[in-house]
Colleague: 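Questions regarding the structure given below will be posed in turn.
Each residue takes its place number in the sequence, starting with 1. Counting starts at 1 for both ligands and their atoms, following the listed order.
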Amino acid sequence: MWKGKFSSSIIIFFLILCSTANSIVKASFEDEIDIKRSDFPEGFLFGAATSSYQIEGANLEDGRSLCNWDVFCQIKGSIANGDSADIAEDHYHRYMEDIEILHSLGVDAYRFSISWSRVLPRGKFGGVNQAGILFYNKIIDNLLSRGIEPFVTIHHFDYPQELEDRYGGWLSPLMQEDFIHFAEICFQSFGDRVKYWCTINEPNLVSEFAYERGTYPPAHCSPPFGNCSTGNSDVEPLIAVHNMLLGHAKTVKIYRERFKSEQSGVIGIVIHSFMYEPLTEDKLDKEAADRALAFNIAWILDPVVYGDYPPEMRRYHGSELPKFASEERIILRDSIDFIGINHYATLYAKDCIYSSCICNDSICTKGSDRAIRGFVYTAAEQDGVPIGEPTGMPRFFVVPRGMEEIVEYAKKRYLNKPLFVTENGYSSPQNQVEDYHHDVKRINYLKSYLAFLAQAIRNGADVRGYFLWTLMDDFEWSNGYSVRFGIYHVDRQTLNRTPKLSASWFRNFLSNRSPNYVESSNAISFMNKDVSMAQSE
Ligand code: NOJ
């Protein structure tokens with residue numbers, strides 16, 4: 001499997017150094033990391049990721065309808081600096097330039113999402129917008145003609161506002177049917193060329209932000225989590241996830257029964273996956289870190305692998321945790337071909353069952369002492385020492401070892417199911433203007449996270465690909481344009497794209513192929529690779 005090896009003692013030294021609980025990543029060591037593409041297996045897909053709402057703009061053009069985020073952006077105070085994504089990066093008009101950029105980087109694959117309101121402006125209540133189909137056809141065809149594999153997310157946070165207005169979006173089981181309809185249109189229209197599908201991006205994060213903290217549309221929450229005009233933070237996130245999981249499972253069933261034999265693709269789900277480490281050596285904090293993983297990751301993955309919610313959640317939740325009927329458990333079980341993890345950061349976890357937890361810093365989440373949070377308080381400091389360097393996002397601390405740990409967690413809990421790192425990237429600390437172009441910190445971040453990913457693979461994890469978040473500075477949801485994750489800088493006035501230093505680094509990294517590198521040409525044979533050997537490793 002391995003064509004390349006870590007040979008440098010510097011890397012080993014670095015890995016040991018970073019494995020100690022209190023280590024803070026030092027740029028001087030990161031500079032020495034010698035991670036190469038050839039350190040990854042044959043056929044491993046390297047790519048960049050984006051999402052429709054964050055880059056497309058053209059929000060009312062060619063038949064697209066208003067989506068939930070368009071409406072949310074109009075509410076004063078919901079987005080930093082009053083930003084909106086009406087224009088975003090204008091990718092709708094500049095997609096050819098962006099595809100050329102991807103090509104010039106030398107990526108194998110491009111992960112992007114389909115705008116629901118561009119393809120089905122009224123969901124199931126109206127027809128297909130052919131202009132939307134045409135737009136994604138152009139993207140897919142141009143990617144393929146440049147040898148770039150489309151890796152498509154069907155639903156990445158945005159949906160037609162009409163579905164919210166009619167029945168409350170993901171709080172209603174009706175949304176499952178709408179999602180299935182949307183997915184079927186995608187399979188019918190694009191499935192002859194798309195071999196990698198992700199049903200839903202980060203159901204765990206959406207439900208937390210939209211229905212618990214109220215910082216994403218439809219902005220539902222209740223005290224102590226936040227002050228919203230409506231919502232129930234203890235219950236609604238569970239209902240929304242329940243509907244997303246069933247929508248996912250029913251969609252996968254349809255894909256496998258009606259499309260897969262002809263289209264030969266694979267399908268998975270993408271989760272938001274922070275790593276959690278115990279705040280202290282105390283057994284209770286160790287259990288809290290395990291609970292944090294169960295309440296965030298296993299919440300989504302246990303149902304789609306094993307057919308039901310994790311026992312840890314059953315233990316602490318009462319009747320508010322919805323139940324799956326037996327026929328639902330059957331369709332949920334094994335409803336993914338791969339796991340997609342979006343991994344950026346690690347936090348400390350502290351027990352709130354036996355100790356009191358008061359939220360008194362800027363990054364803790366209110367309500368840690370509630371079942372919905374698993375009775376876990378998350379923190380970024382241990383005895384005043386930060387877990388890692390801060391970034392442009394309040395809770396995203398740089399902890400490269402977390403990449404190996406999270407992959408190891410998924411490997412163990414899900415019997416080494418094939419996995420893609422569907423997102424990983426760095427946002428420059430706000431106002432550090434020099435970092436907007438000369439983004440050495442981003443390069444160091446990427447190198448060190450990749451080194452730990454390679455280590456996880458060496459330990460036997462069946463990881464099939466890695467997508468860098470993100471191609472260009474974009475609309476970072478509630479943070480608007482104040483947070484920059486891109487390896488291309490986007491000028492907000494001209495929307496011109498300029499490569500940052502990290503873009504050149506990524507291009508060089510990607511061109512450094514091992515002598516035995518083989519281009520992946522067929523997703524299905526790749527995914528059908530016998531994983532039983534890997535599972536027994
Ligand atoms: C994950 C989300 O999928 C993406 O949309 C977002 O921009 C990144 N996290 C960074 O926050």
Colleague: Does NZ or CZ of R464 lie under 6.0 Å from the centre of the six-membered ring of F338, at an angle within 45° of the ring axis?
Modeller: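 Because its charged atom misses either the 6.0 Å distance or the 45° angle limit, R464 does not stack over F338.
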Colleague: In a check of salt bridge (charged side-chain N to carboxylate O under 4.0 Å, His left out) between E208 and each of R213, K366, R395, which one passes?
Modeller: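 Option passing the salt bridge (charged side-chain N to carboxylate O under 4.0 Å, His left out) with E208: R213.
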Colleague: Below 30° counts as parallel, above 60° as perpendicular, anything between as tilted: where do the rings of W477 and Y53 land?
Modeller: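 Rings of W477 and Y53: parallel, as their planes differ by under 30°.
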Colleague: Just the distances, no angles: every ligand 1 N or O to protein N or O pair closer than 3.5 Å, one line each.
Modeller:
from	atom 1	to	atom 2	distance (Å)
ligand 1	3 (O)	H156	NE2	3.1
ligand 1	3 (O)	N201	ND2	2.9
ligand 1	3 (O)	E423	OE1	3.3
ligand 1	3 (O)	E423	OE2	2.7
ligand 1	5 (O)	Q54	OE1	2.7
ligand 1	5 (O)	H156	NE2	2.9
ligand 1	5 (O)	W477	NE1	2.9
ligand 1	7 (O)	Q54	NE2	2.9
ligand 1	7 (O)	W469	NE1	3.3
ligand 1	7 (O)	E476	OE1	2.6
ligand 1	9 (N)	E423	OE1	3.3
ligand 1	11 (O)	E476	OE2	2.6

Colleague: Got a sec: does the CD1 of I87 have more than 12 other heavy atoms crowding it under 6.0 Å?
Modeller: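 No, not enclosed.
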Colleague: With under 30° as parallel and over 60° as perpendicular, where do the rings of Y344 and F485 fit, or are they tilted in between?
Modeller: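 Geometry flag for F485 against Y344: perpendicular rings.
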Colleague: Calculate, to the nearest 0.5 Å, the distance between atoms CG and NZ belonging to L419 and K411 respectively.
Modeller: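 Reported to 0.5 Å precision, the distance equals 11.5 Å.
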